[in-house]
Asker: 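Just dropping this structure here.
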Amino acid sequence: MNESNLKNDRQTLAGVTASELGQRWVERCNTHENAIATAMVQHYGIADILARVLAGRQVDLEEVESFLEPKLRDLMPDPSVMQDMEKAAERLAQAVVAREKVAIFGDYDVDGACSTALLADYLRQAQVPYITYIPDRLTEGYGPNSEAVRNLAGQGAKLLVMVDCGTSGHEPVSEARRLGLDVVILDHHQAPVELPDANALVNPNRQDDLSGLGYLCAAGVVFVFLVALNRNLRQKGFWQAGHEPNLMGALDLVALATVADVVPLKGLNRAFVRQGLSVMRSRSRPGLAALADAAGLKDAPEAWHLGYLIGPRINAGGRIGDAGLGTRLLLTEEPENAGRLAGELDILNRERQQIEQLAVEEAMASSEHYLQQHPQTTLLLNYAPEWHAGIVGLVAARVKERFRLPSFAFTLSGEEQVTGSGRSVAGYDIGAAVRASVDAGIAIKGGGHAMAAGVTVPLARLEEFRAFIAGYLSTHGSDDGQGEALEVDAILTAGGATPELLKLVQKAGPFGSSQPEPVFAFTNHRLVEAREVGSSGHIRIKLRSGDGTTIGGIVFRAAGQPLGIALQKNIGELVHAAGTLSIDRWGGNEKADLRLIDIARP
């Protein structure tokens, strides 16, 4: 049976062929995966629900033990499997031994901030002078630029290390070499055939790299690089007079970047996040501890906290404030300073939310109008010259979530050009689409991943860009024509959703990109409550099963949206509800809490 048939060999759940959001509900496991789940129960003696969660995420029978207990020592590759890794490690080792001043140029997002902090912290422990530089999103845009390179050279840097950027930076790399700087690039973005003239370019996504590590974020690449650098310095006898840096203690930054950059949580990434969360729970990094406090995070952090609470606050500096604020927070060793910086980022995040909300409302209305005129479109594109450049990615993401279509949002970035961000859905690689538009001479520059991309386009060619990307996605997409489907792991009742069950299921975590959180359906439960809470449009709900037990839950940003409207219509009615579960710890008690994502009428 081919992959497409396997995907469709799944049973419709509870008879839901069209939910209130127009989704078909299906069992996540197909026939083959159900058989694997049964074998897991028999062979390992694990609970059936855990086996179904594992099998539904394509874990094979022989992988169960290693998947449930991912160990970094087992999954960590020899760093030299990556192209140019030994050259990069040798050049940095020379800089460490000679105490050369190193300039670190990072991207302005969470991955860039974490990558910069990882390398800077290592150099600080090795007592090597360094400078960090994060470009301003509004005035400099993504990636290295020649003016910044000249500035860093003027401050005495001898070696320039670009992290989470640089793979397409031909001009700034050439300028650095002209000024006498050596250049090392540590990146993960998809790479063109022609690479910049760097001394070493480590990127598992360069076309001649056969490491198979292309799923790493930049911080993951930097961590593997630091292992190589540490090994090189150890061989040189550098650490005989002092203590080697604790690389395992840096995994909190790698975990944060891995989740926030939405790279697949598979292989090495799972170990990074699992062990990084353990490091983070120790609260040993003042900046992250202060940021958790500012975000109101009372419990031990889980993977979703990194993506929804911690990451956006670090991003806020790069979006609408001081781009280097997040890096400085991650590097500070003073709790008092950490509290001040975290407070600034929290304020910026609230400002970002307000700016974003206005732009999102405009984009939603525009998208509704466009869809009425073009119901078969594969792409939504919104543009407003007054939108803040720091929030266009968020606008694109919200539109994508609402309409389940690839989405771009653009704003004016000069007199004759616009800059935008795109977000995609499964089956449509917008990173490849953007690169194709650059190759076709339509876009000025751009790139990214399958699910997210950034691009700069001449204003006069924006509609041409829309048509090109829509056409590319139509011909290169992998939509199977079956419509949107919500994959459900199991059916539960309100009384069956216990903290003990959730702790069992969490053994299959961490969950995130490519390893989705388990979704549970609560069939024939009465919706006894649906009320708006707070100022962010969240809706608090309560469901009651036939035996009288209840479960509470939350629906994020649903007020005035289709799901929120459907909830209000169905108060007091029997519904099928679906969502993910978390443990709510309050007053020393634990209970399951539902994060609702869809409902259907029985």
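Predicted, not measured: the structure shown is a model, and the values here were computed from it. Numbering of residues begins at 1 and proceeds along the displayed sequence.
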Asker: When rounded to the nearest 0.5 angstrom, what is the spacing between NZ in Lys400 and OG in Ser367?
Answerer: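 Atom-to-atom, Lys400:NZ and Ser367:OG are 13.5 Å apart.
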
Asker: Using every non-hydrogen atom in the two residues, find where Glu517 and Arg28 come nearest and quote the distance to one decimal.
Answerer: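 Reported closest heavy-atom pair: O-NH2, 3.9 Å.
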
Asker: Between OG1 of Thr378 and CD1 of Ile469, what distance do you get to the nearest 0.5 Å?
Answerer: 9.5 Å

Asker: At their closest point, which heavy atom of Gly446 faces which heavy atom of Val438, and how far apart are they?
Answerer: N-CG2, 3.7 Å

Asker: Does this structure show an ion pair linking Arg10 with Glu27, if we count only N-O contacts that are shorter than 4.0 Å?
Answerer: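 Looking at Arg10 and Glu27, the cut-off is not met.
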
Asker: Checking Glu20 against Arg601 for the salt bridge (charged side-chain N to carboxylate O under 4.0 Å, His left out) test, could you report, in this order, the C-alpha distance in whole Å, the side-chain angles of both residues, the deciding distance, and whether it holds?
Answerer: CA-CA 8 Å; Glu20 292 288 350; Arg601 294 296 299 270; 5.4 Å; no

Asker: Between Arg402 and Glu368, is the closest basic N to carboxylate O distance under 4.0 Å?
Answerer: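 The answer is yes: the pair qualifies as a salt bridge.
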
Asker: Mind listing the closest non-hydrogen atom pair of Arg466 and Leu381 along with its distance?
Answerer: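 What the structure gives for the nearest pair is NH2-O, 3.5 Å.
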
Asker: Judged by atom type as modelled, is there a donor-acceptor pair below 3.5 Å linking the side chain of His476 to the main-chain atoms of Leu473?
Answerer: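 No, His476 side chain to Leu473 backbone: no donor-acceptor pair under 3.5 Å.
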
Asker: Verify, without hydrogens or angle tests, whether Glu33 (side chain) and Asn30 (backbone) share a donor-acceptor contact under 3.5 angstrom.
Answerer: yes

Asker: Quick check: does any side chain N or O of Glu573 sit under 3.5 Å from a backbone N or O of Leu527, one acting as donor and the other as acceptor?
Answerer: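 A pair under 3.5 Å: no.
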
Asker: Heavy-atom count around Gln373 CD within 6.0 Å, excluding the residue itself: above 12?
Answerer: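 Correct, the count exceeds 12.
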
Asker: Is Val273 close to Val259 at the side-chain level, that is, under 4.5 Å between some pair of heavy atoms?
Answerer: yes

Asker: Begin from the C-alpha positions of Leu306 and Leu277 and carry the test side chain to side chain contact (heavy atoms under 4.5 Å, CB included) through to its verdict.
Answerer: CA-CA 9 Å; Leu306 307 187; Leu277 284 170; 3.9 Å; yes

Asker: Do the side chain of Glu63 and the main chain of Asp60 share a donor and acceptor less than 3.5 angstrom apart?
Answerer: yes

Asker: With a 4.5 Å limit on heavy-atom distance, are the side chains of Val395 and Asn382 in contact?
Answerer: no

Asker: Between Arg526 (side chain) and Leu543 (backbone), is there a donor-acceptor pair under 3.5 Å?
Answerer: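 Absent.
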
Asker: What do you reckon, is CD of Gln376 surrounded by more than 12 foreign heavy atoms closer than 6.0 Å?
Answerer: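 No - once you tally the heavy atoms of other residues, nucleotides and ligands closer than 6.0 Å, there are 12 at most.
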
Asker: Does the side chain of Leu251 reach to within under 4.5 Å of the side chain of Val254, using non-hydrogen atoms?
Answerer: yes

Asker: Could you go step by step and tell me if Phe403 and Met364 meet the side chain to side chain contact (heavy atoms under 4.5 Å, CB included) rule?
Answerer: CA-CA 9 Å; Phe403 298 103; Met364 292 294 187; 3.8 Å; yes

Asker: Relative to each other, are the rings of Trp25 and His576 parallel, tilted or perpendicular (30° and 60° limits)?
Answerer: tilted

Asker: Evaluate the side-chain proximity of Leu54 to Leu68: yes if any heavy-atom separation is below 4.5 Å, no if none is.
Answerer: yes

Asker: Do Val59 and Met40 come within less than 4.5 Å of each other through their side chains, counting heavy atoms only?
Answerer: yes

Asker: Taking side chain to side chain contact (heavy atoms under 4.5 Å, CB included) as the criterion, tell me which of Ile597, Val533, Ile539 meets it with Val555.
Answerer: Ile539

Asker: Strictly distance-based, threshold 3.5 Å: is any side-chain N or O of Ser282 a donor or acceptor partner for the main-chain N or O of Ser278?
Answerer: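 A pair under 3.5 Å: no.
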
Asker: With salt bridge (charged side-chain N to carboxylate O under 4.0 Å, His left out) as the criterion, how do Arg281 and Asp299 come out once you've worked through the C-alpha distance, each side chain's angles and the decisive distance to 0.1 Å?
Answerer: CA-CA 9 Å; Arg281 287 167 190 145; Asp299 299 327; over 6 Å; no

Asker: Quick check on side chain to side chain donor-acceptor pair (under 3.5 Å): which of Asn205, Asp164, Asn203 does His188 satisfy it with?
Answerer: Asp164

Asker: Verify whether one side chain among Ser424 and Asp429 offers a donor that lies under 3.5 Å from an acceptor in the other.
Answerer: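 No pair is found: no donor N or O on one side chain lies under 3.5 Å from an acceptor on the other.
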
Asker: Tell me whether Ser437 contacts the main-chain N or O of Ile442 through its side chain, where contact means a donor paired with an acceptor under 3.5 Å.
Answerer: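 Side chain of Ser437 to backbone of Ile442: no pair is present.
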
Asker: Should Arg57 and Arg52 count as side-chain neighbours, where that means a heavy-atom distance under 4.5 Å?
Answerer: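 Contact flag for Arg57/Arg52 side chains = no.
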
Asker: Side chain of Ser115, backbone of Gly112: donor and acceptor closer than 3.5 Å?
Answerer: no

Asker: Where is the tightest heavy-atom contact between Ser421 and Gly393, given as atom of each residue plus distance?
Answerer: CB-CA, 3.4 Å

Asker: Below 30° counts as parallel, above 60° as perpendicular, anything between as tilted: where do the rings of His374 and Tyr370 land?
Answerer: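 The arrangement is parallel - the two ring planes meet at less than 30°.
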
Asker: Starting at CG of Leu581, measure out to CD1 of Ile551 and round the result to the nearest 0.5 Å.
Answerer: 5.5 Å

Asker: Any salt bridge linking Asp593 with Arg585? Criterion: basic side-chain nitrogen under 4.0 Å from a carboxylate oxygen.
Answerer: no

Asker: Roughly how far, to the nearest 0.5 Å, is CG of Leu118 from CG of Leu253?
Answerer: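 It is 4.5 Å, given to the nearest 0.5 Å.
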
Asker: For Leu75 versus Gly267, what's the shortest heavy-atom pair and its separation?
Answerer: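 Taking every non-hydrogen atom into account, CD1-O, 3.6 Å.
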
Asker: Drop me the distance from Leu504's CG to Ile46's CD1, to the nearest 0.5 angstrom.
Answerer: 8.5 Å

Asker: If only atom types and distance count, is the side chain of Thr549 paired as donor or acceptor with the main-chain N or O of Gly495 below 3.5 Å?
Answerer: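 It does hold such a pair.
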
Asker: Given side chains that start at C-beta, do those of Leu596 and Leu567 come closer than 4.5 Å, heavy atoms only?
Answerer: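 Side-chain contact under 4.5 Å: yes.
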
Asker: Examine distances only and state if a side-chain atom of His305 and a backbone atom of Ala303 form a donor-acceptor pair shorter than 3.5 Å.
Answerer: no

Asker: Determine whether the aromatic ring centres of residues Tyr308 and Phe556 are separated by less than 6.0 angstrom.
Answerer: no

Asker: Salt-bridge test for Arg423 and Glu401: reply yes if a basic N is under 4.0 Å from a carboxylate O, no otherwise.
Answerer: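 Not counted as a salt bridge, because no side-chain N and carboxylate O are separated by less than 4.0 Å.
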
Asker: Enter the distance from Asp598:CG to Leu21:CG here, rounded to the nearest 0.5 Å.
Answerer: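 So the CG of Asp598 and the CG of Leu21 are separated by 4.0 Å.
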
Asker: Run the side chain to side chain contact (heavy atoms under 4.5 Å, CB included) check on Ile583 and Lys503 step by step: do they pass?
Answerer: CA-CA 9 Å; Ile583 298 176; Lys503 290 172 185 177; 3.8 Å; yes

Asker: Quick one: are Met76 and Lys71 in side-chain contact, heavy atoms under 4.5 Å?
Answerer: no

Asker: Let me see the working for Arg544 and Glu529 under salt bridge (charged side-chain N to carboxylate O under 4.0 Å, His left out), right down to the final yes or no.
Answerer: CA-CA 9 Å; Arg544 179 181 293 128; Glu529 181 180 305; over 6 Å; no

Asker: Just do the salt bridge (charged side-chain N to carboxylate O under 4.0 Å, His left out) check on Asp187 and Arg206 with the steps written out, would you?
Answerer: CA-CA 9 Å; Asp187 196 8; Arg206 54 185 283 179; over 6 Å; no

Asker: Grab the two heavy atoms, one from Ala218 and one from Asp111, that are nearest each other, plus how far apart they are.
Answerer: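 Smallest heavy-atom distance, with atoms named: N-OD2, 2.9 Å.
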
Asker: Please check if any side-chain donor atom of Arg595 sits under 3.5 Å from a side-chain acceptor atom of Ser582, or the reverse.
Answerer: yes

Asker: Run the side chain to side chain contact (heavy atoms under 4.5 Å, CB included) check on Leu268 and Leu72 step by step: do they pass?
Answerer: CA-CA 7 Å; Leu268 188 56; Leu72 194 59; 3.5 Å; yes

